[in-house]
Amino acid sequence: MGEKYDVAVVGAGPAGYHAAIRAAQLGLSTLCIDQWLDDQGVLQPGGTCLNVGCIPSKALLDASHKYQQAQSEFSTIGIKAKSVAMDIAQMQKHKRSVVASLTQGVSSLLKSNGVAVMAGHATLGADKQLTVSSDSGSPVVIQAENIILAPGSRPIEIDACQRDDQCIVDSTGALAFDEVPRRLGIIGAGVIGLELGSVWSRLGSEVVLLEAMDAFLPGADSQVAKEALKQYKRQGLDIRLGAKVVGSQNEDGEVVISYEDAEGLQTETFDRVVVAVGRRPQTTDLLEDASGISLDERGFIKVDEHCQTGIPGVFAVGDAVRGAMLAHKGMEEGVMVAERIKGKKPQVNYDTVPMVIYTHPEIAWVGKTEDDLSKEGTEFKAGVFPMAASGRGMASQETVGLVKVIADAVSDRVLGVHMIGAHASELIAEAVIAMEFGASAEDIGLTMFAHPTLSEGLHEAALAVSGHAIHIANRKRR
Ligand code: FAD
Ligand code: NAD
């Protein structure tokens with residue numbers, strides 16, 4: 001029989017390690033279990049996010065963006081960069097070093113906070129009993145008053161195009177290409193398809209995205225989605241909507257993809273294909289029937305708004321439960337659960353989860369879209385500021401995009417903010433804070449923003465809600 005803990009956390013991804021560190025900070029004896037090992041068998045905490053998700057993808061997005069700027073934007077501002085070349089091996093080395101620093105950083109944080117860490121695969125049985133199996137010995141049984149399940153998610157696979165880890169890969173494979181594919185096919189024009197498609201397109205691939213749905217980025221504001229589609233096409237991404245992949249064949253190191261669209265059956269040949277059609281919860285092999293934990297029809301662990309499962313003392317957080325599959329959403333859930341175990345009463349505000357797509361321009365939003373509000377019958381006003389009118393945007397060659405603020409027609413309370421443009425991933429935090437504090441559009445309009453900044457776009461869009469924007473042509477007197 002293993003040791004007894006106040007809290008045992010399964011998974012050291014962003015949801016799990018936040019839960020474990022917060023629990024330990026609160027004085028609870030805490031164990032964190034994870035099965036992610038490197039080639040030498042050393043535990044790599046950080047989950048999908050640090051190892052094969054948020055962080056490595058941003059390292060490649062940033063490197064490829066700088067390469068593209070050096071190639072096509074520097075000359076306008078007088079920088080003469082002769083023979084700019086991309087060293088893919090060095091780019092990948094940089095990515096690996098960032099990942100290594102951060103995973104080691106999480107290990108240190110767990111240790112310095114007094115969290116016990118165990119490598120192995122955990123299974124939950126009856127009476128909250130956790131069994132951890134590993135190659136290094138017999139299974140260990142853990143007793144814990146409280147268990148937090150944070151097992152994360154993995155890519156969805158499709159029969160029509162099965163991964164072979166050579167020509168047909170998932171996002172993990174697409175983060176590790178050691179050369180630029182000449183022709184890259186991506187199945188799914190969602191977040192991963194657009195981010196990784198942008199990376200390899202900037203580095204020279206001819207990229208075709210096959211998207212089953214007719215609508216592009218249906219969760220985004222429709223004006224933002226329309227502008228995004230225009231910009232991506234301008235950058236050379238060939239995005240084909242309403243394209244349902246029905247088969248694939250590997251022929252002499254090339255992949256022939258068959259898909260159906262409005263015109264009938266089509267084929268395309270690629271050197272590499274990335275399947276990026278969504279992710280599913282990693283709940284297989286985690287729960288014995290006797291655990292009593294219920295899953296929904298898509299395999300997500302059923303929880304209430306406080307991430308409590310049907311079994312007292314067992315919680316679940318992150319990608320494995322309902323809601324957006326985003327690192328920051330899991331982090332906040334992890335912290336909330338640790339604090340609730342200690343008797344505090346925090347909540348996660350699911351109405352203010354920011355969403356970002358890290359392409360260039362970046363896309364970011366928080367709250368409701370105009371379509372959401374029209375559907376639910378809420379009257380609203382919207383103010384839009386085009387980044388083409390931003391002084392800082394012009395000075396820094398970042399004039400593409402817009403900021404939109406949507407406010408309740410009666411109370412003026414901000415209900416949603418939508419952006420496309422440079423640094424939208426940073427700017428959206430201002431909108432999240434405003435909404436978290438229940439701000440009205442007028443409150444944002446009355447706030448002083450530093451000049452010249454891209455943030456002024458948010459200020460102007462908020463003023464535009466009532467027609468007061470200074471830098472937008474407007475003849476009405478208000
Ligand atoms: P995970 O990070 O998946 O961690 C789960 C952990 O649990 C893993 O370490 C796993 O080894 C462990 N585990 C699972 N089952 C067991 C078990 N039975 N026993 C022991 N250990 C177990 N999100 C963003 O917010 N921003 C981004 O920019 C972003 N970019 C992404 C880019 C890519 C390419 C991908 C694939 C994802 C990206 N995401 C991004 C999503 C983000 O990675 C996830 O939302 C986040 O990692 C979920 O955190 P989690 O802790 O719930 O799960
Ligand atoms: P996604 O849900 O964003 O996009 C998947 C796309 O694939 C959808 O547009 C869907 O219509 C399409 N699709 C599904 N089946 C298809 C098929 N058979 N043929 C063609 N198209 C098909 O999922 P993703 O891009 O795989 O990302 C997975 C998760 O990872 C997302 O939920 C996202 O939250 C997270 N993620 C977040 C970020 C970020 O925050 N910037 C980055 C990467 C991943």
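Both ligands and their constituent atoms are indexed starting at 1 by order of listing. Nothing fancy with the numbering, it's 1 onward along the sequence.
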Quick check: does [X] get an N/O under 3.5 Å from an N/O on ligand 2?
X: Met355; answer: no
X: Ala189; answer: no
X: Arg279; answer: no
X: Leu326; answer: no
X: Ile187; answer: no
X: Ile357; answer: no

Test of understanding: given a 4.0 Å heavy-atom threshold, classify the contact between [X] and ligand 1 as side chain, backbone, both, or neither.
X: Arg154; value: neither
X: Asp285; value: neither
X: Ser57; value: side chain
X: Lys58; value: side chain
X: Ile192; value: side chain

Protein contact to atom 2 (O) of ligand 1 [nearest heavy atom, distance to 0.1 Å]: Thr48 N, 2.9 Å
To check your reading of the model: name the closest protein heavy atom to atom 47 (O) of ligand 1, its residue, and the distance in Å. Cys49 N, 3.3 Å
Hey, what's the ring geometry for Phe216 with Tyr232, parallel, tilted or perpendicular (30° and 60° as the breaks)? perpendicular
Proximity flag Ala324 to ligand 2, non-hydrogen atoms under 4.0 Å: no
Tell me which part of Lys244 gets within contact of ligand 2: side chain, backbone, both or neither, using heavy atoms under 4.0 Å. neither
Donor-acceptor contacts under 3.5 Å from residues 307-318 side chains, at least two apart:
from, atom 1, to, atom 2, distance (Å)
Gln308, NE2, Ile311, O, 3.0
Gln308, NE2, Val314, O, 3.3
Thr309, OG1, Ile311, N, 3.1
Thr309, OG1, Ile311, O, 3.3
Thr309, OG1, Val314, O, 2.7

May I ask you to list the atoms of ligand 1 that are less than 4.0 angstrom from any heavy atom of Tyr358? 28 (O)
